[in-house]
There are 2 protein chains.
Amino acid sequence: MSKQITIYDIAEALQLSPATVSRGLKDHPAIRKDTRKRIVDKAREMGYQQNHFASNLRKSKSNTIGVIVPRLNSYFMASVISGMEKVANAAGYNLIISQSIESKEKEFTNVKTLYDSRVDGLLVSLAYDTEDISHFDLFLAKGIPLIFFDRVFEHPQCTSIVIDNFKAGYEVTQHLIDQGCKRIAHVTGNIMRNVYSDRLRGYKQALANAGLPFDEALVYYCNLSEQAGAEAASHLLALPHPPDGVFCTNDTTAVNCMRVLKQAGIRIPEQIAVAGFNNDPLSKVIEPNLTTLNYPGQEMGELAAATLIRKLDRNEGSSINTLVLRHDLIVRESSLRKK
Amino acid sequence: MSKQITIYDIAEALQLSPATVSRGLKDHPAIRKDTRKRIVDKAREMGYQQNHFASNLRKSKSNTIGVIVPRLNSYFMASVISGMEKVANAAGYNLIISQSIESKEKEFTNVKTLYDSRVDGLLVSLAYDTEDISHFDLFLAKGIPLIFFDRVFEHPQCTSIVIDNFKAGYEVTQHLIDQGCKRIAHVTGNIMRNVYSDRLRGYKQALANAGLPFDEALVYYCNLSEQAGAEAASHLLALPHPPDGVFCTNDTTAVNCMRVLKQAGIRIPEQIAVAGFNNDPLSKVIEPNLTTLNYPGQEMGELAAATLIRKLDRNEGSSINTLVLRHDLIVRESSLRKK
DNA sequence: CTGTTAGCGCCTTCAG
DNA sequence: CTGAAGGCGCTAACAG
């Protein structure tokens, strides 16, 4: 249990004042080059490590970033977190990650917890059923930066990091149309969330542009779980006039949808073409391989963290409100109909 | 920027001393029921929130747990973290997560960073190429609890949380043997890691018990990536005497192995049966569905966190050295040969 | 059962 | 360019 070295120990060893040592360890301009060097060298020699608590207490800053995500256990979210961790770590920040489990109540508790642990900023992807963001008010009121990613909320004080979900939804749908589909179903989540409403808009727009009718009966709202995918398939097959194409807003759902379709003896893509969303590893494994949309999770995580850290370090309220990442459509056999 | 309420404010409002308030906010026994209530009520009323930095500074404790994992972006690891987060959060601890990216150098840096942020304990799954755990010495020397999970290292001071990898490897292999396989290949990772060496031992033991010869040429060592799975398949097919069964130590590899085998026109499981490991969602999607071993990731995360927290809160060096979680074999079509 | 006191280690005015 | 001094908010002796 070796004793902790403090700046006082260094000061004593060097016959300096603690204040000077403190400055020497930083970038303080009013310190001579050589004394700074002596201080830094001695600090290393003695195995000094800063006590962040003392420093945080003094500065009221934690060097910690709070993260709230709906769920951690998906490939997409794991990639996002991985990206955030990488950037944050490199910049000397720590991440505190919490899961809302898709519930606004839990999200609310998480916000409070993170507030209490004095995070310097917040990176949030909203829960399934969050209606407003008043629970973030205590952050906004204090001017603590709040950045949304993926499932975002428009707010003048907040930056949003997204992909162009409207365009993405349009592209996927257009692709199915190009393959000759005339009745395209859409399996999606809670349209209170931008990601789903925007994709739905894109879907509708593509239909409209192609002169295809929009049929509300072909839109299936669910929680996008494995089971929901299977149920969606059963539901669509039971329709008086079943679809000849399905656009699911995530790959898990798409893949489970395909499974049930195949079990029902439907040929994919000849009878029903399928497209998913996210480019989950699943999409490369299902047969036929799933056409999907590449959602750059790692990049989104990196960008979100970098944006927040820039705000924190420069202490500036950047004027950027929305950052849109590039996506791309990945065409695979599940949607390639021989015309 | 509303002012922060401190225990002094509460003390003043209640005409008490800060010390009493501090005690009242805790479970301190020497406080009258009613004054405790007055304190708690007033604190809530004034919107008091504890300043953890001050408290940590005073107590030299951070209420933070450091986590080091090889990679975050797998379903398995995301489940583990999810479990840890749940337990830690409930117990008032925060997690600082860092990735070694399978490199011992990065792992070393992570250890230092976490040490500097004064985590109360460490949960670690070792990187691919870590040879010894001397870089954890500064933790061990200070008696900071260190718990390994999944990829563990035997050490008297550390608890390990694992599944019985020997038994698991044995069971998977035995299952393939039961299906009539005579030449079973094994695709695995760095056998410096217990998870791989134990499974290999189980594999060998099962072969031995069945009177089947062990053939080193049938063991393929790789990094268990998607690409490695594909390469393993090509390699095995090119052998003068190819296998009739393959046991891969993760599902990603197994699935990509199957893909290549299928492309080569091999019928699975008739010509070559395949089994994986982890019960990744992938395994239910590949066709035929992959026989695999259910690795309880979430439970492992929960158990690891709970074990650490128990140590921290009771401040006891429990005598338990290894905790073994239950696993089960999940049999699916990829291995079911009609005899 | 409650109050007094003395720091935890650091940073930041204010003075030299 | 460097030093002295005070305090961030909390807790744990030590006294009553």
Side-chain angles (χ1 to χ4, degrees), chain A residues 1-40 42-43 46-64 92 115-118 120 142 315, chain B residues 1-40 42-43 46-64 92 115-120 142 313 315:
Chain A
M1 186 74 74
S2 58
K3 187 186 165 302
Q4 288 303 322
I5 307 294
T6 73
I7 52 172
Y8 288 93
D9 300 321
I10 301 176
E12 194 174 6
L14 252 36
Q15 296 292 49
L16 285 170
S17 81
T20 307
V21 175
S22 173
R23 293 189 187 106
L25 260 13
K26 310 258 162 324
D27 287 343
H28 198 103
I31 283 283
R32 282 212 334 252
K33 271 270 159 64
D34 57 333
T35 57
R36 149 126 75 264
K37 181 160 168 31
R38 284 172 60 215
I39 291 168
V40 172
K42 182 57 91 177
M46 299 177 74
Y48 169 78
Q49 45 163 312
Q50 213 209 46
N51 185 320
H52 294 112
F53 304 137
S55 146
N56 289 338
L57 173 59
R58 188 54 234 259
K59 297 189 301 186
S60 313
K61 185 171 185 298
S62 67
N63 263 275
T64 296
Y115 183 71
D116 288 349
S117 44
R118 308 274 213 284
D120 294 335
K142 290 196 69 173
N315 201 22
Chain B
M1 187 74 78
S2 58
K3 185 187 166 302
Q4 289 301 323
I5 306 295
T6 74
I7 52 172
Y8 289 92
D9 299 321
I10 301 176
E12 194 174 6
L14 253 34
Q15 296 291 46
L16 287 168
S17 81
T20 308
V21 174
S22 173
R23 293 186 188 111
L25 261 11
K26 311 255 162 327
D27 287 343
H28 198 103
I31 282 282
R32 279 210 340 251
K33 270 269 160 66
D34 58 333
T35 57
R36 152 130 69 252
K37 182 161 167 27
R38 282 172 62 216
I39 291 169
V40 173
K42 181 58 89 179
M46 299 176 74
Y48 168 77
Q49 43 162 315
Q50 212 209 45
N51 186 320
H52 294 111
F53 303 137
S55 158
N56 290 339
L57 173 59
R58 188 55 233 256
K59 295 189 302 186
S60 312
K61 184 172 186 297
S62 67
N63 264 276
T64 297
Y115 183 71
D116 287 350
S117 44
R118 308 271 214 286
V119 295
D120 294 334
K142 290 196 68 175
D313 286 355
N315 200 21

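Letters A, B, ... mirror the listed sequences (proteins, then strands); counts begin at 1.
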Which part of the nucleic acid, if any, lies within reach of [X] when heavy atoms closer than 4.0 Å are counted: base, sugar-phosphate only, or nothing?
| X | result |
| --- | --- |
| B:Ile7 | base |
| B:Tyr8 | base |
| B:Ser60 | nothing |

>> Testing the basics here: between B:Leu25 and B:Tyr48, what is the closest heavy-atom pair and its distance to 0.1 Å?
In response: CD2-CE2, 3.7 Å
Gap between atoms [atom1] and [atom2], on [X] and [N] respectively (whole Å):
| X | N | atom1 | atom2 | value |
| --- | --- | --- | --- | --- |
| B:Gln49 | D:dC10 | CD | P | 10 Å |
| B:Asn51 | C:dC10 | CG | C1' | 14 Å |
| A:Gln15 | D:dG3 | CD | C1' | 13 Å |
| B:Ile5 | D:dC10 | CD1 | P | 10 Å |
| B:Leu16 | C:dT4 | CG | P | 11 Å |
| A:His28 | C:dC14 | NE2 | P | 14 Å |
| B:Asn56 | D:dC8 | CG | P | 18 Å |
| B:Lys33 | C:dC1 | NZ | P | 10 Å |

>> Rounded to the nearest 0.5 Å, what separates atom CG in A:Asn56 from atom CZ in A:Arg118?
In response: 10.5 Å
>> To the closest 0.5 Å, what do you measure between NZ (B:Lys142) and CD (A:Gln4)?
In response: 4.0 Å
Starting the side chain at C-beta, find the nucleotide from [options] nearest to [X].
| X | options | value |
| --- | --- | --- |
| B:Ala19 | C:dC10, D:dC1, D:dA12 | D:dA12 |
| A:Gln50 | D:dT2, D:dC10, C:dC10 | C:dC10 |
| A:Leu57 | D:dC8, C:dT4, D:dG3 | D:dC8 |
| B:Thr20 | C:dG3, D:dC10, C:dC10 | C:dG3 |

> Of B:Asp34 and B:Lys59, whose closest DNA chain C nucleotide lies nearer the 5' terminus?
Replying inline: B:Asp34
> Mapping A:Ser22 and B:Ser17 to their closest nucleotides on DNA chain C, which lands nearer the 5' end?
Replying inline: B:Ser17
> Any side-chain heavy-atom pair from A:Met46 and A:Asp9 closer than 4.5 angstrom?
Replying inline: yes
> Can you check whether B:Leu14 reaches B:Ile39 side chain to side chain, under 4.5 Å on heavy atoms?
Replying inline: yes
>> OP1 or OP2 of C:dT2 versus the side-chain N and O atoms of B:Thr35: is any pair under 4.0 Å?
In response: yes
> So, is A:Arg23 close to the D:dT2 phosphate, meaning a side-chain N or O under 4.0 Å from OP1 or OP2?
Replying inline: no
> Pick the nucleotide of DNA chain D nearest each of A:Pro18 and B:Ser55; which residue has the one closer to the 5' end?
Replying inline: A:Pro18
